[in-house]
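In what follows, every heavy atom counts, from backbone to side chain, and hydrogens, waters and symmetry copies are set aside. As the structure lists them, so they are numbered: ligands from 1, and atoms in each ligand from 1. When a residue number appears, it is its place in the shown sequence, counting from 1.
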Amino acid sequence: MSNAQTFTVRVARKVIEAEDIATFELVDVNGGTLPAFSAGAHVDVHAPGGLTRQYSLCNDSAETHRYQIAVLNDRASRGGSRAMHERVKEGSLLEISPPKNHFPLAHGATKSLLMAGGIGVTPILCMAERLAVVGSDFEMHYSTRSPARTAFYDRIQGSDFASRVHFHHDDGDTTQALNINELLRAPQDNCHLYVCGPKGFMDAVLGAARANAWPESQLHYEFFSADVTASESDLGFDIKLASSGRMIKVAKDQTVTQALSAAGVEVQTSCEQGVCGTCLTRILEGVPDHKDMYLTPEEQAANDQFTPCCSRSKTAVLVLDL
Ligand code: FES
């Protein structure tokens, strides 16, 4: 559970945007302005039932009177999105964090390639609108299962950048299918790739980009959920707190944050799935077993930080900067 600073917003509007997708317009309870955000930002929403979920902001980033989020009612979810669909109505009050941006647009790109899969369109659409406003070159590819499940179709088609957006549907004919490998075949200098969507889609896009030698510095991505699975090889290990020298045991079936919490040491968490970076903690000694989707491959390889909500240790002891 997060203990980050939060504030209360009111749901001013809830609209069914596409099949299983609802948008929520959030406003200040007193009609005031909201903290500013930039394209790619998200807020942590404390959904009814106690789960905290990250939702990207998908309205114009110049607006300060509202935030718009879109939520997929994911049947496989742990309950956060279902609670948003079923229990949050117009007039409901929600606790949210101020916007955070782990997925910002790079400065000075000559071109941006925006790739969205399903509900991953939320930060990507915000980026497209921003790039259009500042007159920067971009191309957007938006893949969904079907037209009925394509959120923001009318908004995109009615925009002045509609001709730069390519829609792809799994149930469409082969001429409109997204050919990821072809699209990413030739990396261009200073062309930045942004991708957001389900894990399979992101793995395919990032895998193709890396196979085609796109520089890691030109790849930008945000996972919004991940399956952190326990594996047979997960073992127990010890955490040492650098400040006090105290040793804490992490059992085979326990996360590091659970073990720390049981010992009275709280690390701030949010997603608890290795996607948001809230729990990021510095490592002073030992080798972590990274299981997150938040750090880049280079950051993981440096082994000087990890996400204790899901990552573990390859060594018997991990010394943390706590
Ligand atoms: Fe989100 Fe650990 S709490 S990465």
A student checking ligand 1 against Ser270 at a 4.0 Å heavy-atom cut-off should list atoms 3 (S)

Taking only non-hydrogen atoms of Gly274 and a 4.0 Å limit, the atoms of ligand 1 in range are 4 (S)

**Centroid separation Phe161 to Phe138 less than 6.0 Å** = yes

Would Tyr194 and His220 count as a close aromatic pair, with their ring centres under 6.0 Å? yes

ask   = Can any side-chain N or O of Asp292 pair as donor or acceptor with the backbone N or O of Leu295 at less than 3.5 Å?
value = yes

Atom 4 (S) of ligand 1 has as its nearest protein heavy atom Gly277 N, 3.2 Å

Between Cys279 atom SG and Cys309 atom SG, the angle centred on atom 2 (Fe) of ligand 1 rounds (to 10°) to 100°

For Val275, the ligand 1 atoms with a heavy-atom partner under 4.0 Å come out as 4 (S)

So for Gln273 against ligand 1, with non-hydrogen atoms under 4.0 Å, the contacting part is neither

**Metal proximity, Cys276 vs atom 2 (Fe) of ligand 1, N/O/S cut-off 2.8 Å** = no

Taking Thr144 for the side chain and His169 for the main chain, is one N or O donor matched with an acceptor at less than 3.5 Å? no

Practice prompt. Assert yes or no for the condition that the ring centre distance of Tyr67 to Phe37 is strictly below 6.0 Å.
Written response: yes

The reported gap from CD in Gln176 to NE2 in His168 (rounded to nearest 0.5 angstrom) is 7.5 Å

